[in-house]
There are 2 protein chains.
Amino acid sequence: MSRSNPRVLNTLERAGGFASAQEVYHLMQRAGESIGLTTVYRSLQSLADDKIVDVLRRDDGESIYRLCGDAHHHHLVCKGCGDAIEIPGGAIEKWAKTMAEEHGFRDVGHSAEIYGLCRKC
Amino acid sequence: MSRSNPRVLNTLERAGGFASAQEVYHLMQRAGESIGLTTVYRSLQSLADDKIVDVLRRDDGESIYRLCGDAHHHHLVCKGCGDAIEIPGGAIEKWAKTMAEEHGFRDVGHSAEIYGLCRKC
DNA sequence: ATGGAAATGAAAATCATTTTCATTTGTGCT
DNA sequence: AGCACAAATGAAAATGATTTTCATTTCCAT
């Protein structure tokens, strides 16, 4: 069993919030760090096993990871230019909690995204 | 654009309204129906576009489809068994609208999902 | 019948992820 | 230092779902 490469966790932190294995890999490449894709996958998996990161699936099927307990925010994404604005969760937080409790769910998190066309597009 | 092959929808119904593309394909094969995998994928996609079926992701990355109840809803997904419960949007709808307006976005939609561990897991 | 549009499906391409395996690195021991 | 052995690494191949390509077939309206 392999342990997590600290640089991977580091990169995930710098990415702020969610990132896929591929994204972490490319971020590291661009940062000039030498690492193999395989190691990135193994490290993220290991972090997930240790409950240090959360794993979710994006709609396109890619797995995304984020630090547990990270103060999270949501995104307002433009369908045209892809630009994303960070926004506070507001009412969602309570909604998620209520819904989860109502159905007896534990260890709950949530994801939410708003998408549309920004002024420029 | 292709329209949905009715036999696909039919099979999905017989499957208990919950199956992956591969499963639908194999069910049809076993039932002696002649159909191509490609057509199954296209039909399910088309049904999803028309909001006739819901698309979710299983933990192994396979997309699963099921007949969906009705209008707009969100999902409470179990990280353990992958089971998904439909829940009303509630506060989210207004939140999305407010946030979008605040930033001058038009043509707005949103997605939201709650995940956790269900009672059984 | 005839032409064109839509539907079909076999095979190839794609893409994230996993596996294999040979090599490198690290650590403890003498 | 020298040695042995376990863990970590990563390139390349394998996997498996999904998508694309493209040639063929089916449907309709004329």
Side-chain angles (χ1 to χ4, degrees), chain A residues 1-12 15 17-66 82 111 113, chain B residues 1-12 15 17-66 68 77 79-84 111 113 115:
Chain A
M1 303 295 132
S2 62
R3 249 185 268 108
S4 160
N5 181 318
R7 288 178 298 147
V8 170
L9 179 52
N10 223 309
T11 305
L12 190 57
F18 284 113
S20 71
Q22 304 278 344
E23 282 160 4
V24 168
Y25 175 66
H26 287 121
L27 277 173
M28 296 182 79
Q29 296 258 295
R30 260 177 259 139
E33 296 191 63
S34 166
I35 195 162
L37 183 54
T38 311
T39 303
V40 172
Y41 272 105
R42 266 194 291 241
S43 291
L44 288 173
Q45 245 172 63
S46 166
L47 287 169
D49 287 347
D50 295 347
K51 302 274 157 60
I52 294 169
V53 302
D54 257 348
V55 191
L56 288 180
R57 284 262 174 193
R58 260 199 323 230
D59 273 352
D60 66 356
E62 229 175 308
S63 289
I64 51 179
Y65 307 81
R66 82 163 169 194
S111 70
E113 224 175 56
Chain B
M1 302 301 126
S2 61
R3 245 183 274 105
S4 158
N5 182 318
R7 287 178 297 146
V8 169
L9 179 52
N10 223 311
T11 304
L12 190 57
F18 216 148
S20 71
Q22 305 277 345
E23 283 160 4
V24 168
Y25 175 66
H26 287 121
L27 277 173
M28 294 180 79
Q29 296 259 295
R30 259 176 262 140
E33 297 191 62
S34 165
I35 195 163
L37 183 55
T38 314
T39 303
V40 172
Y41 272 105
R42 267 195 290 244
S43 292
L44 288 172
Q45 245 170 62
S46 167
L47 288 169
D49 287 346
D50 296 347
K51 305 272 157 60
I52 294 168
V53 302
D54 257 347
V55 190
L56 292 177
R57 289 267 173 184
R58 262 198 321 231
D59 268 356
D60 66 356
E62 227 174 312
S63 290
I64 50 178
Y65 305 81
R66 77 167 167 190
C68 75
V77 185
K79 285 189 283 193
C81 58
D83 202 26
S111 70
E113 223 174 61
Y115 50 88

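Computed from a prediction, not measured in an experiment: that's the story for all the values here. Sequence lines set the chain letters: A, B, ... in the order given, protein chains first and strands last, and positions in each chain run from 1.
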Using whole Å, what does the distance between atom [atom2] of nucleotide [N] and atom [atom1] of [X] come to?
X	N	atom1	atom2	answer
A/R57	D/dA17	CZ	C1'	11 Å
B/L47	C/dA7	CG	P	13 Å
B/R58	C/dA16	CZ	C1'	17 Å
B/L37	D/dT20	CG	P	14 Å
B/H26	D/dT18	NE2	P	12 Å
B/D60	D/dA17	CG	P	8 Å
B/I35	C/dA7	CD1	P	13 Å
B/I64	D/dG16	CD1	P	19 Å

Is a side-chain N or O of [X] found less than 3.5 angstrom from the main chain of [Y], in a donor-acceptor match?
X	Y	answer
A/S43	A/T39	yes
A/D50	A/I52	no
B/R42	B/N5	no

Inset, instruction - Please confirm whether any donor atom in the side chain of B/T38 sits under 3.5 Å from an acceptor in the base of C/dA10, or the reverse. - result: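 Per atom types, the contact qualifies.
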Inset, instruction - Could you tell me which non-hydrogen atom of B/E62 sits nearest to which non-hydrogen atom of B/S20, and how far apart they are? - result: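 That would be OE2-OG, 2.8 Å.
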Side-chain N,O ([X]) to OP1/OP2 ([N]) below 4.0 Å:
X	N	result
A/T39	D/dT9	no
B/N5	C/dT8	yes
A/Y41	C/dT18	no

Legend entry - Nucleotide nearest A/R42 when distance is taken to its side chain, options C/dG9, C/dA16, D/dG10: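 It is D/dG10.
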Legend entry - Candidates C/dT17, D/dG10, D/dT18 - which lies nearest the side chain of A/E62: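 The listed nucleotide nearest to A/E62's side chain is C/dT17.
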Inset, instruction - For B/Q45, report the nucleic acid contact type (base, sugar-phosphate, nothing); a contact means any heavy atom under 4.0 Å. - result: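 B/Q45: backbone/sugar contact only, no base atoms under 4.0 Å.
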Inset, instruction - Scan A/S63 against the nucleic acid and name what it touches under 4.0 Å (heavy atoms): base, sugar-phosphate only, or nothing. - result: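 The residue A/S63 makes sugar-phosphate contact but no base contact.
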Inset, instruction - Please tell me if the side chains of A/V55 and A/Q45 come closer than 4.5 Å, counting only heavy atoms from C-beta onward. - result: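 Contact flag for A/V55/A/Q45 side chains = no.
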